[in-house]
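Have a look at the structure below before the remarks.
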Amino acid sequence: MRFIPIFAALAVANAKLLIDYRGGDPVSKLGTVDMEHQNLGDHVAAGTGGSNVFIKPENDSKLGVPCLHYKRAPHYRRAEVKNLQHNTLSANKKYFIGYTLRLSHARSGLVIFQWKKQDKDAAPKQNIPFHLEFEGANKLTLGYTTPGSNGSNRTAIWDGTFSTGSSMDNVHKIGLAIDTASDCNGKLELWLDGKKEFSRSNLCTWTGDTYPKWGMYRGEAAAGDDSDPAGHTFNSYVYRVQFSDSSKAEVAESAGW
Ligand SMILES: *[C@@H]1O[C@H](CO)[C@@H](O)[C@H](O)[C@H]1NC(C)=O
Ligand SMILES: *[C@@H]1O[C@H](CO)[C@@H](O)[C@H](O)[C@H]1NC(C)=O
Ligand SMILES: *[C@@H]1O[C@H](CO)[C@@H](O)[C@H](O)[C@H]1NC(C)=O
């Protein structure tokens, strides 16, 4: 009698998450590092950015737990990890993402997640179908791109409070459920710290090959502007990331739902 539930539990544990990242794991378990200096295309190879820009597993010194530490000095525009590229994902599927993290601080323009189209010029143009971006120090938004024109017609379709700082209260769990139904019949749902915050259908979540990116993008200081170095220095501590193509339950630990 007891063997059956044990076997079932094992079966769940073995269900194949596409990504199952735990703080302290090598970054390759989350994906490929993508870092850039001030200008677009000015890449910094992993491990060569010194203390200015890096993404590395370490123990979060404030909370004493293993994390993936992302750091960006004022004149770096990108420190991200991308994965599931090149037709790994597809239309007419349901994907579930959990993302547990803490940020030292944030400011308008800082992006912490992108659902990114592989070919931003593929018609209908929709460079970043949706993303999570700060509009203020503690206000996170869900930005949506209406396909067409130059592919960058973005609108915030949700916003909520997302605290930043150095305590456990600043650790947040983000849950995303993405339905990639074709013909712009997709659905997007968002949870923050276990609370359902947003749900909308008839969205264009898939207009061509698309993949996820976790990290820190934009919000950098303008070239030559050294007036507020602390305000443009960012640290993100990522404790858990999970990505499932089969069930919400599989990513519960990181999504908090
Ligand atoms: C974190 O600390 C633990 C215990 O002190 C140690 O075993 C582990 O190697 C550290 N991890 C990293 C990534 O430094
Ligand atoms: C796209 O067009 C809008 C105006 O319609 C403009 O503000 C924006 O800078 C353009 N973006 C790109 C990437 O060309
Ligand atoms: C931009 O998107 C809004 C909806 O968010 C839409 O009303 C508007 O027509 C779009 N503009 C262009 C140029 O596509």
Side-chain angles (χ1 to χ4, degrees), residues 32 34-44 53 72 74-82 84-86 89 91-92 94-95 97 106-136 139-162 174-192 196-225 228 231-232 234:
T32 303
D34 190 2
M35 303 191 296
E36 272 170 309
H37 214 302
Q38 184 91 56
N39 299 316
L40 192 62
D42 190 358
H43 292 278
V44 178
V53 63
R72 254 181 46 193
H75 294 291
Y76 291 82
R77 71 158 55 206
R78 188 194 307 278
E80 292 186 302
V81 179
K82 54 190 178 180
L84 309 176
Q85 287 184 270
H86 310 300
L89 307 178
N92 302 309
K94 288 187 172 62
Y95 297 117
I97 299 176
R107 67 184 299 131
S108 286
L110 182 70
V111 171
I112 57 171
F113 175 81
Q114 300 191 57
W115 185 246
K116 174 79 171 76
K117 198 162 163 182
Q118 186 74 50
D119 180 357
K120 66 178 184 176
D121 295 321
K125 287 188 186 178
Q126 193 191 20
N127 187 19
I128 306 163
F130 69 86
H131 69 294
L132 294 170
E133 175 177 353
F134 281 87
E135 278 183 16
K139 183 177 163 191
L140 187 64
T141 69
L142 176 61
Y144 172 69
T145 302
T146 302
S149 60
N150 65 8
S152 301
N153 183 12
R154 296 194 270 270
T155 319
I157 54 177
W158 166 84
D159 65 72
T161 301
F162 190 102
I174 297 169
L176 288 165
I178 309 161
D179 176 332
T180 61
S182 55
D183 301 324
C184 294
N185 289 315
K187 184 174 180 185
L188 193 50
E189 295 168 277
L190 181 140
W191 285 254
L192 183 59
K196 180 86 170 268
E197 293 276 349
F198 177 83
S199 174
R200 191 178 295 178
S201 301
N202 302 115
L203 290 174
C204 307
T205 53
W206 193 272
T207 58
D209 188 22
T210 302
Y211 63 93
K213 290 177 141 187
W214 291 270
M216 302 192 293
Y217 179 51
R218 304 313 308 259
E220 76 280 10
D225 176 3
D228 181 16
H232 290 100
F234 302 107

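Computed over heavy atoms, backbone and side chain alike; hydrogens, waters and symmetry mates excluded. Start at 1 and go down the list; that is how both ligands and their atoms are numbered.
Take Lys139 and apply the salt bridge (charged side-chain N to carboxylate O under 4.0 Å, His left out) test, not counting sequence neighbours, and it matches no residue. Listed by chain and residue number, Tyr76 satisfy the ring pair (Phe, Tyr, Trp, His ring centres under 6.0 Å) test with His37 (two or more places apart in sequence, or in another chain). When the ring pair (Phe, Tyr, Trp, His ring centres under 6.0 Å) test is applied to Phe162, the partners found at least two apart in sequence or on another chain are Phe134, His172.
Side-chain contact of Asn127 with Ser152: a donor-acceptor pair under 3.5 Å is absent, judged by distance alone. Between the side chains of Glu220 and Gln38, not a single donor N or O lies within less than 3.5 Å of an accepting N or O.
The main-chain N or O of Ala122 is found under 3.5 Å from a side-chain atom of Lys117 such that the two form a donor-acceptor pair.
In this structure, ligand 2 sits under 4.0 Å from heavy atoms belonging to Asn150, Ser152.
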